[in-house]
2 protein chains.
Amino acid sequence: MADVQRRRPGETREKLMTAALTLVGKGRHFASIGIREVTRQAGVVPTSFYRHFRSVDDLGLQLVDELGLVLRRMMREARENVLQADKLIEESVGIFVAHALANRNFFMFMAQGLAGESRAVQEGIRSEMRFFASELANDLRRLKLLPHLSDSDLDMTCELVVRTVAFSLTDILSISPEDDYQIELVRKRTTRFLQLILIGAGHWESS
Amino acid sequence: MADVQRRRPGETREKLMTAALTLVGKGRHFASIGIREVTRQAGVVPTSFYRHFRSVDDLGLQLVDELGLVLRRMMREARENVLQADKLIEESVGIFVAHALANRNFFMFMAQGLAGESRAVQEGIRSEMRFFASELANDLRRLKLLPHLSDSDLDMTCELVVRTVAFSLTDILSISPEDDYQIELVRKRTTRFLQLILIGAGHWESS
DNA sequence: ACATTAAGTGAACAACTGTACACAAGACTT
DNA sequence: AAGTCTTGTGTACAGTTGTTCACTTAATGT
């Protein structure tokens, strides 16, 4: 009945994934979302879900993959726009905040997943963060900043940077997106956090 | 029927709260826990729940209060045992890790709540962290460490310290509690994070 | 000593959940 | 042109959920 199957392939799949993100964006926690709820939000019959995902956790895993793409886009933009080293931190934080606001639902999913129910999702997000940190370390190495640090100390520093920024996510996401003033506060504070860390790294002595 | 009401007052209430924590400890996310599930775990009839809590979120709020007590106990122990300033970080991290392992469920609840479903719980945990950070700042002020920092810069530093430690929670809690080796790794890494931050604070110039 | 309250119980119900099954029709392969 | 695969649909069902209600009994206050 109705119009069946004149959609482009993968459309329902996308609809289901964005539906899940939408629910998360509305304040629901991913762990408490059910199959019927997602399909309802997506405007699809519950059975359709199984055509694309084994379970909600499975959908979560595929969301992590897409999250990886979002993070890579952000990284690329940062690399293109951050030119002078002296404004490096400020600009990077700015780009991060902008992306966090633009992809609010995605980053909410990320923040939730760090202590979420599914071990696999948890590990996936953690792994994305590690990747991000190692890329950051490569960039800093290439730019010859912090040249006195050993590789492992540089890795440690970048790990700490990434964690600090990730924690700021929970700040940003708990603010109403229109509250520019609060957002600005978080931006400044995060910048100072990173400055503090990099000053520490500058004076760190790799034994 | 059965033996009714020869328990001491508040016993069922406690049973319900520990039941919720137990479920969290078993890997469930707090946001996905229902009333019936809690009462089942507590060995109590579903209706009893309403005698003590309005909803699961309400129970969560009361858990946050108890979490505050746990954190204060930890703080006290740290204050009593950390004597020489040079081992301050190492010992503090050690005490933290020990408490995280001893009160695993509580700290899991805390980690979950930071990006949880209930706004109130979220704000509660955040507020506990702020309190902790400000107490830490007071201690550092009293000990005359970092005397060159302005009050607000010291606050910022302590905030960063607390966040870093809190993030380590997700590391610790994702490790099997018997895996001493991995725990030791997290302990060492967290210690280095804090050392890096404090070195940064040592060279920070409050404008 | 008696009335009130606090804290427990069991039965009931409508709403919702995940999942299985049989079916339809466009898309792809040969 | 015919057959297979993929994707979407509707129906069905047993199990679970939150919540209400009427009840019992120990504890408490006067």
Side-chain angles (χ1 to χ4, degrees), chain A residues 1-24 26-63 65-66 116-121, chain B residues 1-24 26-63 65-66 116-121:
Chain A
M1 332 304 166
D3 46 353
V4 181
Q5 191 74 7
R6 70 144 122 302
R7 309 140 171 83
R8 78 174 186 289
E11 186 177 350
T12 305
R13 204 185 101 106
E14 275 182 35
K15 272 203 281 188
L16 288 170
M17 292 177 79
T18 44
L21 284 182
T22 303
L23 289 172
V24 167
K26 281 183 182 169
R28 303 290 317 281
H29 194 289
F30 188 77
S32 74
I33 294 179
I35 287 177
R36 281 191 119 101
E37 205 177 354
V38 183
T39 56
R40 199 182 311 129
Q41 170 75 31
V44 165
V45 97
T47 351
S48 279
F49 185 90
Y50 295 100
R51 299 286 181 203
H52 304 279
F53 311 101
R54 234 184 305 258
S55 62
V56 184
D57 275 4
D58 184 29
L59 187 154
L61 272 179
Q62 311 209 27
L63 277 180
D65 291 343
E66 276 209 32
E117 190 162 87
S118 154
R119 214 34 105 87
V121 168
Chain B
M1 337 305 164
D3 47 352
V4 182
Q5 191 73 11
R6 70 143 121 304
R7 310 139 170 82
R8 76 173 186 290
E11 186 177 350
T12 304
R13 205 184 101 105
E14 276 182 35
K15 273 203 281 187
L16 287 170
M17 293 178 77
T18 44
L21 284 181
T22 304
L23 288 171
V24 167
K26 280 183 182 170
R28 301 292 317 280
H29 194 289
F30 188 76
S32 74
I33 293 179
I35 288 178
R36 281 191 119 100
E37 205 177 353
V38 183
T39 55
R40 200 182 310 129
Q41 170 75 33
V44 166
V45 98
T47 348
S48 279
F49 185 91
Y50 296 99
R51 300 285 181 204
H52 304 277
F53 311 101
R54 233 185 304 260
S55 63
V56 183
D57 275 4
D58 183 29
L59 187 153
L61 272 180
Q62 310 209 26
L63 277 180
D65 291 342
E66 276 210 30
E117 191 163 86
S118 156
R119 216 31 105 87
V121 168

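Just so it is clear, the values below take in all heavy atoms, side chains as well, and ignore hydrogens, waters and symmetry mates. From a predicted model like this one, the values you see are computed outputs, not experimental measurements.
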Reading nucleotides 13-19 of chain C from 5' to 3' and marking B where a protein heavy atom lies under 4.0 Å of the base, S where only the sugar-phosphate is that close, and - otherwise, the string is ----BBB
With sequence neighbours left out, write down each residue that passes side chain to side chain donor-acceptor pair (under 3.5 Å) with [X], or none if nothing qualifies.
X	answer
A/Q62	A/R13
A/S118	none
A/H29	B/H29

For residues 35-48 of chain A, which residue pairs pass the salt bridge (charged side-chain N to carboxylate O under 4.0 Å, His left out) check, not counting sequence neighbours? A/R28-A/E37
Protein-nucleotide distance (A/H52, atom NE2; D/dT7, atom P), rounded to Å: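 In whole Å, D/dT7 P and A/H52 NE2 are 6 Å from each other.
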Value in whole Å for how far the P atom of D/dT7 lies from CZ of A/F53: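 Those two atoms, CZ and P, are 11 Å apart.
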A/V56: which residues meet the side-chain contact (heavy atoms from CB on, under 4.5 Å) condition with it, sequence neighbours left out?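 A/V56: side-chain contact (heavy atoms from CB on, under 4.5 Å) contacts with A/F30, A/I35, A/F49.
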